[in-house]
Amino acid sequence: QVQLVESGGGSVPTGGSLRLSCTTSGNARCLGWFRQALGKEREGVAAVGERPEWTRYVDSVKGRFTLSVDNAKKTVYLQMDNLQSADTAMYYCAQPSICNGNYNLWAGPSAYVYWGQGTQVTVSA
């Protein structure tokens with residue numbers, strides 16, 4: 001059983017920054033960040049594959065969000081810059097049961113087995 005713990009959420013004004021952390025009891029690879037706004041479906045935001053250089057971002061966050069991996073701390077970070085009101089959501093990190101290549105980069109939430117409890121990000125005007 002893999003356990004994931006997110007942290008770093010908060011309230012910021014438009015244009016502000018936050019850095020989310022996801023610490024796993026497993027390995028810091030094949031990990032996805034998802035978000036769910038009120039009344040909306042959960043969507044993938046960014047993901048890292050088996051290798052830290054294998055990353056993918058949803059179009060709406062490209063150029064603003066950046067993933068990084070600290071293997072020693074078993075932590076994946078999501079640096080979020082130039083935050084907008086549309087980024088307001090609960091953010092979750094998740095991992096599949098098997099890490100293999102980069103398939104998880106294109107996988108939806110149903111492909112992920114282990115989930116953290118979430119951290120709230122609120123962006124105000």
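Placement of Trp33 and Val2 within a single hydrophobic cluster is found when ILVMFWY residues are connected by side-chain heavy-atom separations under 4.5 Å, directly or transitively. Under the 4.5 Å side-chain heavy-atom criterion for Ile, Leu, Val, Met, Phe, Trp and Tyr, Val12 and Val121 are members of the same hydrophobic cluster.
Using modelled atom types, one side-chain atom of Thr75 and one backbone atom of Lys73 make a donor-acceptor pair closer than 3.5 Å. With hydrogens and angles disregarded, no donor-acceptor distance shorter than 3.5 Å links the side chain of Thr119 to the backbone of Ser7. In this structure, the side chain of Ser21 does not engage the main chain of Glu6 through any donor-acceptor pair within 3.5 Å. Looking at Tyr77, its side chain never comes within 3.5 Å of a backbone N or O of Asp70 through a donor-acceptor pair. The backbone N or O of Asn104 lies less than 3.5 Å from a partner atom in the side chain of Tyr112, making a donor-acceptor pair.
Atom CD of Glu53 has more than 12 neighbouring heavy atoms from other residues, nucleotides or ligands inside a 6.0 Å radius.
Residues Gln3 and Tyr114 are not in side-chain contact: their nearest non-hydrogen atoms beyond the backbone lie 4.5 Å or more apart. No side-chain heavy atom of Leu4 sits under 4.5 Å from any side-chain heavy atom of Gln117. Considering only heavy atoms from C-beta on, Val113 stays 4.5 Å or farther from Trp115 through its side chain. You'll find the side chain of Val45 reaches within 4.5 Å of the side chain of Phe65, heavy atoms only.
Judged as a disulfide (SG to SG under 2.5 Å), the pairs with a partner in residues 29-85 (not counting sequence neighbours) are, in order, Cys30-Cys99. Judged as a side-chain hydrogen bond (donor to acceptor under 3.5 Å, both in side chains), the pairs with a partner in residues 88-98 (not counting sequence neighbours) are, in order, Thr24-Gln95, Arg35-Tyr91.
Ala107 and Phe34 get closest at one heavy-atom pair: O-CZ, 4.4 Å. The two atoms that bring Arg56 and Leu105 nearest to each other are NH1-O, 3.1 Å, heavy atoms only. Shortest non-hydrogen contact noted between Pro96 and Tyr103 is CB-OH, 3.2 Å. The minimum heavy-atom distance between Ala47 and Leu67, with the atom names listed, is O-CD1, 3.3 Å. Considering every non-hydrogen atom in both Asn82 and Gln84, the closest pair reads OD1-NE2, 2.9 Å. Considering every non-hydrogen atom in both Lys62 and Asp59, the closest pair reads NZ-OD1, 3.0 Å.
A donor and an acceptor atom, one from each side chain of Ser17 and Asp81, are located under 3.5 Å apart.
Atom CE of Met80 sits about 3.5 Å away from atom CG of Leu20, to the nearest 0.5 Å. Here the CG atom belonging to Leu78 is positioned 8.0 Å from the OG1 atom belonging to Thr66, to the nearest 0.5 angstrom. In this structure, OG on Ser60 lies 5.5 Å from CD on Glu43, to the nearest 0.5 angstrom. Between the CG atom in Asn100 and the CD atom in Glu50 there is a gap of 6.0 Å [rounded to 0.5 Å]. Expressed to the nearest 0.5 Å, how far CG of Leu83 lies from CG of Leu18 amounts to 5.5 Å. Here the CD atom belonging to Gln120 is positioned 5.0 Å from the CE atom belonging to Met90, to the nearest 0.5 angstrom.
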Audit row: Val76, Cys93, side chain to side chain contact (heavy atoms under 4.5 Å, CB included) steps and yes/no: CA-CA 9 Å; Val76 176; Cys93 62; over 6 Å; no
Step-by-step side chain to side chain contact (heavy atoms under 4.5 Å, CB included) determination, Arg29 to Val69: CA-CA 8 Å; Arg29 54 181 185 168; Val69 177; over 6 Å; no
